[in-house]
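Take a look at the structure set out below.
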Amino acid sequence: MATAVHPAAAVPATAAPAPPRPPPVRAALGHVPQLHAALLKSGELTASPKSFHSLLEAAAHGASPAQLSYAVRLFRLGPRPPLSVPCYNVLMRAFLRAGHLEDALHLFVEMLDAASIWPDQHTVACALKLCSRIVSLDAGRGVQAYAVKRGLMVDRFVLSSLIHMYASCGDVAAARLLFDAVEEKGVFMWNAIIAGYFRNGDWKEVVQLFKGMLEVGAPFDEVTLVSVATACGRTCDSNLGKWIGGYVEEKVMLGNRNLVTALVDMYAKCGELGKARSLFDGMQSRDVVAWSAMISGYTQADQCQEALALFSEMQVAEVEPNDVTMVSVLSACAVLGALETGKWMHSHIRKKCLPLTVVLGTTLVDFYAKCGCIDSAVEAFESMPVKNSWTWTALIKGMASNGRGREALELFSSMCKASIEPTDVTFIGVLMACSHSGLVEEGRQHFDSMTQDYGIQPRIEHYGCVVDLLGRAGLIDEAYQFIRAMPIEPNTVIWRALLSSCAVQKNVEVGEEAFKKIISLDRSHSGDYTLLSNIYASVGRWKDAAMIRKEMKDMGIQKTPGCSLIELDGVVFEFFAEDSDHPQLREIYEKVEEMIGKIKVAGYVPNTADARLDVDECEKEVSVSHHSEKLAIAFGLMKLRPGATIRLSKNLRVCTDCHSATKLISKVYNREIVVRDRNRFHHFKDGSCSCNDYW
DNA sequence: GTAGGGTTAG
């Protein structure tokens, strides 16, 4: 092998001694031109390939575009010694670092074409990185073929880069084959393979791999922990998650913001909101991702008020929210039915020109639909540049729950025409549409078509929709037979759907049967007893009705407290039945009395079937009048500007008494009232409801 | 001479 001879060594001994020169140093950034000039002047630049390489590297290492172009001129124009492979490598790395992928690619091709240049393991590692960046499996395979031909597959940098290339181009299986074949795996390889599974959302495999690492004592670093902690959150593996949390605290890694954010996310997803929050509060600096992680933690844990409160704090801290943050806060608004707050979020999105991504747009559609503003939902839907099956599904479900079944079905057929593949959830929306609008035949057809035309196996939720569809349409026996023929074991949701249909249809026999089934699975749900009792009462079997209520009382089954939410000036107020917490309770009760008095004149007769059990008969009327909805409506009448729509959302289904009362209130007070219950919307106007009393 | 990470919807 030829050895590069330093020109100084070739100088005859008799010649005058050369002045002492500093050894080729890597110049500090910014001193490149001076170094360049010095080397030119001494003649070393062209005489010493090593010096040229150092200068090139010094120039290429700089971060600025000016320095990179300096390096390119040095490389292309010279004066310089003949180019070596390391020089090419230096420039290629610089192109990659600067994100000039095309230039890097051209340089690589140039190397392959040059007669005297043989790309080495450094080049190959670089080229593979390039393939990962441009996500080109084909190019990556080509580079691998070259590496094999040149016997470079023993180099651990080449192997790591190759594993990374396959993993980031989506071929995790190929990455895994290579990975498994390597005996001595370093952190790079472990992180590359973990990142591959991470990218594919294969959280379980990420966790498995890490457990394997711990077993064999493989090395890991903070980046490994970020991926694994995130995966623990997604798989709810709180044991491993806590182990990582403890490790991070012990090893004093809490200064790593990404890692702590991953832990915040992990704790929140494992249900440890308190732990997540204390980590979050202890962070030295919180960027938008950290805030978003904590906010989404609250939203996903159904602590929506906390999510919105934290968003306010984020604004006080002057951290600009991004599209991801807005997704979480809008979902929170959707859950709370906080229309005004959500509208503010929407205008904020517009004002800040945040990108209307598919996810954000879908969240907006869902938000408006869940607030009963179906027209705004349609507007948001139409404004989206890109929609996917989630977007269509959100609107279909929104239409369905707002009682616009026909339109939901039309949307579904437009969706199919647009070649957007429906999913299992889409069909839940379609079946809900049929069920809420009494479209029995269409429902049957869609249910069959789902399996036959789309190969989607019905889940228990789909069966539930069909039971609901048949039962509410009065086809109780068919619904019952349908349940008996189900290939999967019916759960309480299925039997409950049947029971509530029986309550609507006053069917004692099947109702008793459904009740028995429910009790055998879960006897703790107060609503079931109420429904059966109501069925008895509706056919005049008062003794049986009373017996069921006594049974419930004896067993100590508590009614789930009814809760209604109403938003006023961006603040969400919560009302519970017999609420005793509100500062203006007296005025609210007076307003309720006024309301009841006025609607009685219009024909309202209290229905005490849903009254509390622990009061005597004459108090029941008062008890019913203090249902959370009536308190919230009274509050709305007191506080909202005249004529404004009263919107509330509640945790249970609307009871019969509140339903008939609200219809009359809408007429007597000439107000639109929109109530979202746990299943659907009721738009009350002029004494009638959009559900046509079918709910 | 190597790579890499955290937040989002029906």
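All values below were derived from every heavy atom in this structure, side-chain atoms included, with hydrogens, water molecules and symmetry-related copies excluded. Every chain is numbered from 1, with letters handed out A, B, ... down the list of sequences.
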Ignoring backbone atoms, test whether [X] places a side-chain nitrogen or oxygen under 4.0 Å from the OP1 or OP2 oxygen of [N].
X: A:H164; N: B:dG4; result: yes
X: A:T391; N: B:dG10; result: no
X: A:K129; N: B:dT2; result: no
X: A:K269; N: B:dT8; result: yes

State which of [options] makes the closest approach to the side chain of [X].
X: A:Q300; options: B:dA9, B:dG10, B:dA3; answer: B:dA9
X: A:K370; options: B:dG6, B:dT2, B:dG10; answer: B:dG10
X: A:D366; options: B:dG6, B:dG1, B:dG10; answer: B:dG10
X: A:F157; options: B:dG5, B:dG1, B:dG4; answer: B:dG1

The single option from A:K269, A:K211, A:K204 passing salt bridge (charged side-chain N to carboxylate O under 4.0 Å, His left out) against A:D237:
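It is A:K211; the other options fail the test.
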Criterion side chain to side chain donor-acceptor pair (under 3.5 Å) against A:T393, the qualifying member of A:N388, A:D424, A:T426
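Result: among A:N388, A:D424, A:T426, A:T426 is the only option passing the side chain to side chain donor-acceptor pair (under 3.5 Å) with A:T393.
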Distance-only donor-acceptor test, [X] side-chain atoms vs [N] base atoms, 3.5 Å:
X: A:D155; N: B:dG1; answer: yes
X: A:T224; N: B:dG5; answer: no
X: A:N388; N: B:dG10; answer: no

Lys/Arg cation over aromatic A:F280: A:R286, 6.0 Å, 45° cone:
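That pair qualifies as a cation-pi contact.
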Any idea how A:Y247 and A:F220 line up, ring-wise: parallel (<30°), tilted (30 to 60°), or perpendicular (>60°)?
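If you compare the ring of A:Y247 with that of A:F220, the planes turn out tilted.
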Just checking A:A290: base, sugar-phosphate only, or nothing, at a heavy-atom cut-off of under 4.0 Å?
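A:A290: base contact, heavy atoms under 4.0 Å.
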Once you apply a heavy-atom cut-off of 4.0 Å, does A:N256 come out as touching a base, just sugar-phosphate, or nothing?
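The answer is base, as A:N256 lies within the cut-off (heavy atoms under 4.0 Å) of a base atom.
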